[in-house]
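Every number for a ligand or one of its atoms is a count from 1 in the order of the listing.
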Amino acid sequence: MNKLSFKRHRRLRSTASIRALVSETKLTTDDLIYPLFIIEGEQIKQEVASMPGVYQLSIDYLVTEIAELIDLGIKAVMLFGIPKEKDPEGSGAYCHQGIVQRAIRQIKDLAPELLVISDTCLCEYTSHGHCGIVDKFGVINDSSLILYVKAAISQAQAGADIIAPSNMMDGCVAAIRKGLDDAGFLDVPIMSYSVKYASAFYGPFREAANSSPQFGNRLSYQMDPANRLEALREVESDIEEGTDLIIVKPALAYLDIMREIRNKINTPLVAYNVSGEYTMIKAAAINGWIDEQAIVLEQMIAMKRAGADLIITYFAKDLAKWLKKRRDHL
Ligand SMILES: [Zn+2]
């Protein structure tokens, strides 16, 4: 009888130690960026109904929040502002005393080493909820650029370490880069939402940031989920225009896009694990239907395996605790 010939792949899976040794993908707390929603007012810590464990916080709550993040070893936050008043031009986005500008100053006072990434868009500040200024045909691209530049400069002046334009207007990165350079912020990097799909997974965020469009939708500026090559064109444009990091948003339904970008481009890649992705896990976990920790860790590894260097996630605090427990346990 002929002897069977085959490879013994199980040799490298036989113990926890050897599995750790040959593990191809690592996740650490250094990879994580935690989003924060900052709201006008005092003594406000309001849980977002569709996102258990995620809060709208007033600036006075940043003292305890930032201390907790530092204690957990989280290195970066991404800020979203919820102003008291909105107008058609979103002027709260580029006001010296704006909610995000004050929050940035407060965080840099509390913890200068914590990286503050400032989302740069108008949708949280416009009365119509769109990402730029509008006429009856929709968002006006080039006039909106002027306002993003103002917002980016005011965020950099407040102390933001990284500017993250999320508006999906053409030429946005070029305009912001020039604006920052002219204002003396040559060393402030841009983390562009280069690939942002028009996604139903953003639903809970719009409750968290009070930023739902009051009419129409965002299909004329965010990308069609059916498109892959368009993502590469967006990334190439943003790199030419001067982005330092690239965000793909959402994450889990777009892992193929991340892998394709990683195969072609060597710029740092960031996955945005969005609100809907968070909400689905939380809802199932609350019902006891899934093992939350195991599922979240598996999803994070999937994003890194797809090519993400960094992950923006509402699970960052949970992950920091789980990863610490795992380290202590070894
Ligand atoms: Zn927006």
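- Relative to the six-membered ring of Y202, K249 meets both conditions, a distance below 6.0 Å and an angle of at most 45° to the axis.
- The side chain to side chain contact (heavy atoms under 4.5 Å, CB included) check on Y55 picks up K45, E47, L57, with sequence neighbours excluded.
- Of all protein N/O/S atoms, those under 2.8 Å from the Zn ion (ligand 1) are C121 SG, C123 SG, C131 SG, and waters are not counted.
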Task: Stepwise side chain to side chain contact (heavy atoms under 4.5 Å, CB included) test for E277 and Q299 - done: CA-CA 10 Å; E277 297 167 337; Q299 290 190 334; 5.6 Å; no
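- Note on ring orientation: taking the six-membered ring where Trp is involved, the planes of Y254 and Y197 are parallel (angle under 30°, cut-offs 30° and 60°).
- For the pair K150 and Y125, the NZ or CZ position fails the cation-pi test of under 6.0 Å to the six-membered ring centre and within 45 degrees of the ring normal.
- Judged by distance alone, the side chains of N273 and T313 do bring a donor and an acceptor atom under 3.5 Å apart.
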